[in-house]
Amino acid sequence: MSSNIRVRYAPSPTGFLHIGGARSALFNYLYSKHFDGQFIIRVEDTDIERNVVGGEESQLNDLAWLGIIPDESPLKPNSKYAPYRQMERLDIYQKYAQVLLDKGYAYYCYCNEEELEESRNAQLERGIAAPQYDGHCLHLTDEQIEQYKKEGRKPCIRIRMPKNQQIVFDDLVRGKVSFNTNDIGDWVIMKSNGIPTYNFAVVVDDHLMEMTHVFRGEEHLSNTPKQIVIYNYFGWTPPTFGHMTIIINENGKKLSKRDNNILQFMSQYRELGYLKDAIVNFILLLGWTPKEENEFYTLEEAVKAFDPDRLSSSPSMFDPAKLMWVNSHYIKQLSDKEYLDFIRPFVAKVLDISNKSDDEILKMANLFKEQIHYGQEIVDLLTPIISPVPCEEEEAKEVMALPTTKDVLKSFAEILSTLEEINADSVKAVFKEVQSKLGVKGKSLYMPVRLKLTGKMHGPEMVNIISVLGKEETINRLTK
RNA sequence: GGUCCCUUAGUGGAACUGGUUAACACGUCUCCCUCUCAAGGAGAAGAAUAGGAGUUCGAGCCUCCUAGGGAUCACCA
């Protein structure tokens with residue numbers, strides 16, 4: 001069963017996948033799959049100055065990692081719509097620009113940067129708040145054109161905006177939105193290098209690729225009337241638009257790539273040990289709320305539950321604390337095997353695991369499974385257990401100076417050495433025995449052992465640490 | 001500045017076509033558990049729904065005005 005719903009995510013390979021992009025992709029994906037439609041990835045690579053190598057590949061990879069798999073993409077083209085990279089579709093845009101030119105809806109413009117700047121400043125000086133293209137090239141004589149050509153100027157193509165026309169559209173997120181064309185100047189559809197601008201290419205592609213819905217960030221809201229004018233000139237039906245709220249930082253500003261205190265890129269979260277399910281779940285809740293009170297959703301569940309009516313129209317703040325909480329929730333859900341696979345690379349950062357069995361690694365990593373928020377956290381937590389450094393804190397020194405400490409350590413090591421098997425229960429029994437033998441209990445019993453073994457006042461339960469260290473290593477450290 | 005969008009506790013946000021004490025979650029705080037840190041359990045504090053006016057028996061929900069915030073105004077996407 002499949003519908004004719006077609007939606008797309010259209011990244012530009014000017015960088016790597018960031019939170020906003022992932023969210024955009026996710027919601028488009030959810031919408032398409034909720035209605036049994038197709039999800040397409042089209043690469044908008046017309047900004048040849050800013051494209052970065054590997055950008056496309058890494059974005060597609062990160063998306064795939066999240067589970068967002070396209071039905072069509074540059075790597076999985078449908079011949080009916082291919083190609084899927086705009087730079088491979090240049091002839092198509094040229095053709096459609098020519099149609100507009102022929103119909104008189106567009107015209108060549110020979111103005112150069114300085115002239116445009118000059119005109120803009122002149123308008124500003126006259127008190128015009130939003131300067132527009134002045135229409136200088138709208139009525140050029142043949143002589144003028146000849147002159148420009150002789151000067152070697154390459155023209156761009158501008159669209160002629162209709163006058164005094166109200167552009168109204170029904171936004172899935174915001175309801176009725178309207179703009180007046182008088183507020184929009186004649187804008188460039190084809191740059192002088194023959195490459196289309198975003199607002200033009202996007203219309204041609206969305207139409208040719210038969211997109212039915214477009215979910216994108218609010219920053220595109222003011223682009224929409226420009227695009228609708230093109231649809232109208234061609235006599236095409238525009239897709240249904242939905243402009244999602246922007247994501248803001250803790251200062252209420254749009255999340256920008258320059259925000260240093262918030263990680264922006266998917267790869268960074270991946271490296272820090274965030275789980276894909278947690279990230280999907282977290283991003284899902286950024287600007288969308290489920291009808292049910294449950295806020296945990298797998299991607300599959302989200303597809304089922306997704307309802308565009310519940311997209312929020314006010315900005316949502318990216319809250320790293322909530323992300324951590326969601327992630328820790330998912331970590332706790334992992335099976336032993338999943339947890340091991342997930343945590344192994346982080347354990348490997350502090351411990352040579354080449355001659356360790358899976359079981360040993362898991363046992364060690366399980367010490368912290370309940371408390372870590374993301375994988376990287378285990379590195380610092382594990383360090384004192386693997387290679388302890390004596391604690392210099394005043395409180396620690398006091399514990400070590402207790403009159404009972406020496407005896408505690410000594411008899412603990414003695415009794416431990418008689419054990420057949422080391423596990424939580426047997427170690428607990430050792431503590432009990434030392435306690436009844438010496439009459440020392442609580443802090444003054446446990447702390448000396450803890451400090452001697454890990455050099456820290458804090459950490460997982462003592463019995464678990466000892467179970468992991470094993471008899472030999474424990475005694476070794478206690479008697480050193 | 002023009003245009004457009006938004007405004008419910010620190011944060012995300014719920015509240016059916018207007019109908020009683022404005023949900024829930026994160027965070028914060030307290031207590032319990034406990035050798036410690038976490039985790040977990042129990043509980044608490046925190047919002048006159050930006051302000052004002054109107055419509056109505058009744059408004060967070062409808063209308064208008066004001067204020068604040070944001071987005072956007074490129075041969076970037």
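Each chain gets a letter, A, B and so on, in the order its sequence line appears, and its residues count up from 1.
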Review point. How does protein contact run along nucleotides 64-77 of chain B, one letter per nucleotide 5' to 3', with B for base contact, S for sugar-phosphate only, - for none, heavy atoms under 4.0 Å?
Key: ------BSS-SBBB
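- Between P13(A) and V43(A), the closest side-chain pair of non-hydrogen atoms falls below 4.5 Å.
- Of the side-chain N and O atoms in S313(A), none sit less than 4.0 angstrom from OP1 or OP2 of C5(B).
- Within 4.0 Å of G287(A), counting heavy atoms only, lie sugar-phosphate atoms of the nucleic acid but no base atom.
- Looking at heavy-atom distances under 4.0 Å, S178(A) makes contact with sugar-phosphate atoms alone, never a base.
- A 6.0 Å sphere centred on CD of E88(A) holds more than 12 heavy atoms belonging to other residues, nucleotides or ligands.
- M317(A) comes within contact range of the sugar-phosphate backbone alone, with a heavy-atom separation under 4.0 Å but no base atom that close.
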Review point. Reading nucleotides 39-52 of chain B 5' to 3', which nucleotides get B (base under 4.0 Å from a protein heavy atom), which S (sugar-phosphate only), which -?
Key: SS------------
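- In terms of polar N and O atoms assigned as donor or acceptor, the side chain of R174(A) never comes within less than 3.5 Å of the base of C5(B) in a complementary pairing.
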Point to revise | Worked check of salt bridge (Lys or Arg N to Asp or Glu O under 4.0 Å) between E433(A) and K437(A) | key: CA-CA 6 Å; E433(A) 215 175 320; K437(A) 189 176 156 198; over 6 Å; no
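- Q227(A) has its CD atom 15 Å from the C1' atom of C4(B), to the nearest Å.
- Atom CD of E473(A) is surrounded by more than 12 heavy atoms from other residues, nucleotides or ligands within 6.0 Å.
- What separates CZ of R450(A) from P of U36(B) is a distance of 9 Å, to the nearest Å.
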Point to revise | salt bridge (Lys or Arg N to Asp or Glu O under 4.0 Å) assessment of D205(A) paired with R89(A) | key: CA-CA 9 Å; D205(A) 288 342; R89(A) 300 170 63 83; 2.7 Å; yes
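- Across the protein-nucleic acid pair, D307(A) atom CG and A14(B) atom C1' stand 14 Å apart, rounded to whole Å.
- R310(A) comes within 4.0 angstrom of sugar-phosphate atoms only, judged by non-hydrogen atoms across all strands, and of no base.
- Where RNA chain B pairs in unbroken runs of 3 or more (Watson-Crick or G-U, both distances under 3.5 Å), the stems are B:1-7 with B:67-73, B:10-12 with B:24-26, B:28-32 with B:40-44, B:50-54 with B:62-66.
- Glycosidic torsion of A48(B) falls within 90° of 0, placing the base in syn.
- The CE-C1' distance, from M324(A) to A38(B), rounds to 14 Å in whole Å.
- For K397(A), the NZ atom is densely surrounded, since the number of other residues' heavy atoms within 6.0 Å is greater than 12.
- Both tests hold for K369(A) against Y339(A): distance to the six-membered ring centre under 6.0 Å, angle to the ring axis within 45°.
- Taking each heavy atom of S24(A) and Y9(A) in turn, the nearest pair found is CB-CE1, 3.9 Å.
- Salt-bridge annotation for R8(A) and E44(A): absent, with no side-chain N of the basic residue lying under 4.0 Å from a carboxylate O of the acidic one.
- Computed from coordinates, the K441(A) NZ to U36(B) C1' distance equals 17 Å when rounded to whole Å.
- Of the candidates Q165(A), K163(A), Q166(A), N180(A) forms a side-chain hydrogen bond (donor to acceptor under 3.5 Å, both in side chains) with just one, namely Q166(A).
- In summary, the side chains of S73(A) and R85(A) do not present any donor paired with an acceptor at a separation below 3.5 Å, with no hydrogens or angles considered.
- Regarding Y297(A), its OH atom lies at a distance of 14 Å from the P atom of A25(B), rounded to whole Å.
- When heavy atoms are screened at a 4.0 angstrom cut-off, E49(A) is found touching no nucleic acid atom at all.
- Nearer the 5' end of RNA chain B, as judged by each residue's closest nucleotide, is the contact made by G127(A), out of M462(A) and G127(A).
- Among the heavy atoms of the strands, none lies under 4.0 Å from S328(A).
- The side-chain tip of R158(A) points at the ring of Y133(A) from less than 6.0 angstrom away and within 45° of straight on.
- If you measure from atom CG of N327(A) to atom P of G27(B), you get 13 Å, rounded to the nearest angstrom.
- Here L416(A) contributes atom CG and S426(A) contributes atom OG; the two are 7.5 Å apart, rounded to the nearest 0.5 Å.
- We find that CG of L285(A) is positioned 11 Å from P of A14(B), with the value rounded to whole Å.
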